[in-house]
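Below is one structure; the comments refer to it alone.
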Amino acid sequence: MKNKIIADMFDEMASMLSIDETASSRFEVNAYKKAALTLATLQEPIEEVYANGGIEALMGLPGVGKGLAGKIEEFLKTGRIEKYDLLKKKYPIDFKSLTLIEGLGPKKIVALYRALGVKDLESLKKAIESHKIRSLPGFGEKSEDVLRKGMELLSTSKGRMLLGDALPVAESIVKKLLESGMVEKAMIAGSTRRMRETVGDLDILAISKRGKEVMDFFSSIDDVESIIVKGDTKTTVWLNIGLSCDLRVIKPESFGAALQYFTGNKEHNIKVRKIAIKKGYKLNEYGIFDKRGKILPFTGEESIYKKLDMQYMPPEMREDRGEVELSLEHKIPKLIELSDIRGDLHTHTKETDGANTIEEMADAAMALKREYFATTNHTKSLRIARGMNENQFREFFKHVDKLNDALQGRIKILKGAEMDILKDGSLDLDESLLKEMDCVLGAVHSAFNMNEEEMTNRIIKALDSGRIHILAHPTGRVINGREAYPLNLEKVLEAAERNNVIMEINAFPNRLDLSDTNIMLASKYKVLFSIGTDAHRTSHMQFMRYGVGTARRGWLQKKRIVNALPLTDLQKLFSR
DNA sequence: GCCGTTTTCGGCCCGACTGTTTTCAGTCG
């Protein structure tokens with residue numbers, strides 16, 4: 001797949017063109033950036049797009065016209081882009097690494113290159129250490145400092161952080177702001193509000209008349225390690241968890257517009273703004289304005305969309321994946337909500353690698369108002385997790401039966417397993433035991449190094465056994481950990497469809513597997529979904545919200561989520 | 001360089017903050 005290579009080349013060309021006199025305008029630079037983004041987020045290999053539809057298909061991609069389609073074609077045919085090579089000859093600079101440094105853009109990079117020969121992180125480091133930057137025109141002592149800090153930050157930064165790590169911190173900061181008594185309202189915005197699986201920074205909005213004081217308070221809370229920028233309306237700090245956090249103080253009448261503006265991703269916002277312009281308005285983070293520049297009296301986020309004749313859509317959808325068009329047609333689906341969830345079909349106990357007893361898990365589930373949950377311990381092949389054999393499961397289930405009796409229907413514990421799908425696609429437990437179980441998850445935990453065909457066939461064989469209710473964490477990816485195993489998901493989905501196998505949306509924060517985009521793919525098939533927490537301790541049962549968020553990002557409705565069903569309906573479904 | 005319900009020219013999202021300036025350029029989101 002050459003998408004990323006070409007996207008990076010276009011991004012670099014944008015950097016070079018932004019300081020090169022041969023560029024026709026800054027809009028040409030933007031065109032390269034836009035096309036780079038299209039390529040970087042394209043799901044299908046660009047070489048396939050080209051093979052199937054030629055240059056016309058390339059020109060069908062957003063932001064790709066005749067010129068850039070020609071350059072993509074040139075690269076696919078020759079492995080080179082002449083214009084790229086020409087520019088690169090002029091600017092032999094590693095823009096990709098250097099632009100990662102906060103405060104360093106193309107113009108400053110080229111200024112440093114021309115004056116000091118800075119062309120990569122290594123030579124930038126030397127230039128900083130030799131204190132030559134401070135005497136350059138346009139630079140000073142402070143900018144040298146900023147670059148030094150930027151380099152340090154880059155080397156210690158862990159990149160994007162798991163939503164599951166970032167959201168609780170964001171919530172605690174909002175709480176502190178509210179408790180300070182200085183703000184009337186505070187809310188999380190940005191990718192955290194969209195429940196994106198990882199976040200690059202936190203965005204928090206607050207209403208207050210005392211901007212300066214709020215910023216003083218914010219920059220002194222104990223989560224803050226250092227202050228990056230500080231103004232009366234916007235302050236950015238570096239948090240001790242290794243993430244930056246923006247706080248914006250907004251006037252009450254602008255809060256809805258600000259929330260709208262700082263929630264959608266960039267592409268969503270640009271589309272919405274363009275719709276505003278077409279209707280004769282101007283939309284920015286302060287409000288919606290008429291032709292004479294007068295602010296219209298809309299305070300809520302919903303009323304902004306309404307004024308544009310758009311249907312309100314949940315934050316999780318605002319990724320420019322077709323929701324703007326649906327909204328204009330007033331066809332936004334009603335998405336699954338956390339309150340729709342009645343049970344949890346993926347949990348472990350201390351009998352294998354869990355931390356808590358089944359009694360403790362039941363108490364935790366009841367505290368969360370679950371009507372049922374499945375206990376699904378690992379099976380014997382997974383030795384590292386002390387997987388259980390048939391006899392151990394039978395003993396454990398006797399205990400579960402007694403507990404169910406004692407609970408007197410306050411909650412129902414379903415007897416299940418997270419059974420290994422072995423290397424050859426066979427199952428890790430006897431059929432007779434599987435028949436006794438309420439809920440069988442199938443999962444791959446070993447031999448990840450197969451090729452795509454082998455792995456696909458392995459899983460299909462297991463699904464065709466007819467003994468698996470749910471395929472757990474279907475792609476095996478671990479966010480910031482390991483790639484998904486090679487898999488033809490479409491073929492697996494076909495097998496799931498014909499065997500009535502439910503696809504799991506694993507809610508564990510570093511899994512979220514299926515992912516949002518894979519859910520969108522899967523929802524085109526006649527399959528149902530189960531959102532399971534994979535809880536290994538009682539507190540993990542609260543991960544459900546991340547699974548629900550991911551399902552919402554995949555536009556799923558309640559009717560497709562099996563653990564939103566009442567118990568009797570679920571049992572009917574499982575007994576099929 | 002892209003794009004079209006003001007279509008093949010003339011627009012292209014828009015404002016805050018910082019540092020180095022003395023009115024603004026560069027960068028970011």
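In what follows, chains are A, B, ... by sequence order, proteins preceding strands, each numbered from 1. Everything numeric here is computed off the predicted structure, so don't read it as measured data.
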Rounded distance (nearest 0.5 Å) linking atom NE2 of H473(A) with atom CG of L514(A): 11.5 Å
Hey, are T550(A) and D516(A) close enough side-chain-wise for a donor-acceptor pair under 3.5 Å? no
Taking atom [atom1] in both [N] and [M], what distance in whole Å separates the two?
N: dG26(B); M: dT21(B); atom1: C1'; value: 13 Å
N: dT18(B); M: dC13(B); atom1: P; value: 26 Å
N: dG29(B); M: dT22(B); atom1: C1'; value: 28 Å
N: dG19(B); M: dG11(B); atom1: P; value: 36 Å

What's the closest nucleotide to the side chain of K278(A) if the choices are dG1(B), dT6(B), dT20(B)? dT6(B)
When you get a sec, tell me which of dT20(B), dC2(B), dC28(B) is the closest nucleotide to the side chain of E102(A)? dC28(B)
Ion pair present between [X] and [Y], side-chain N to carboxylate O less than 4.0 angstrom?
X: R160(A); Y: E197(A); result: no
X: K175(A); Y: E179(A); result: yes
X: D8(A); Y: K4(A); result: yes

Between L104(A) and S143(A), the residue closer to the 5' end of DNA chain B by nearest nucleotide is S143(A)
Using 30° and 60° as the class boundaries, would you call the ring planes of F543(A) and H540(A) parallel, tilted or perpendicular? parallel
Does dT21(B) sit syn or anti, given that only angles within 90° of 0 count as syn? anti
Mind listing the N/O atom pairs, protein and nucleotides 13-17 of chain B, below 3.5 Å?
from: dC13(B); atom 1: O2; to: R273(A); atom 2: NH1; distance (Å): 2.5
from: dC14(B); atom 1: O4'; to: R273(A); atom 2: NH1; distance (Å): 2.6
from: dG15(B); atom 1: OP1; to: K282(A); atom 2: NZ; distance (Å): 3.1
from: dG15(B); atom 1: OP1; to: N284(A); atom 2: ND2; distance (Å): 3.4
from: dG15(B); atom 1: O3'; to: Y286(A); atom 2: OH; distance (Å): 3.3
from: dA16(B); atom 1: OP1; to: Y286(A); atom 2: OH; distance (Å): 2.7
from: dA16(B); atom 1: O3'; to: T233(A); atom 2: OG1; distance (Å): 3.0
from: dC17(B); atom 1: OP1; to: T233(A); atom 2: N; distance (Å): 3.2
from: dC17(B); atom 1: OP1; to: T233(A); atom 2: OG1; distance (Å): 2.7
from: dC17(B); atom 1: OP1; to: K234(A); atom 2: N; distance (Å): 3.0

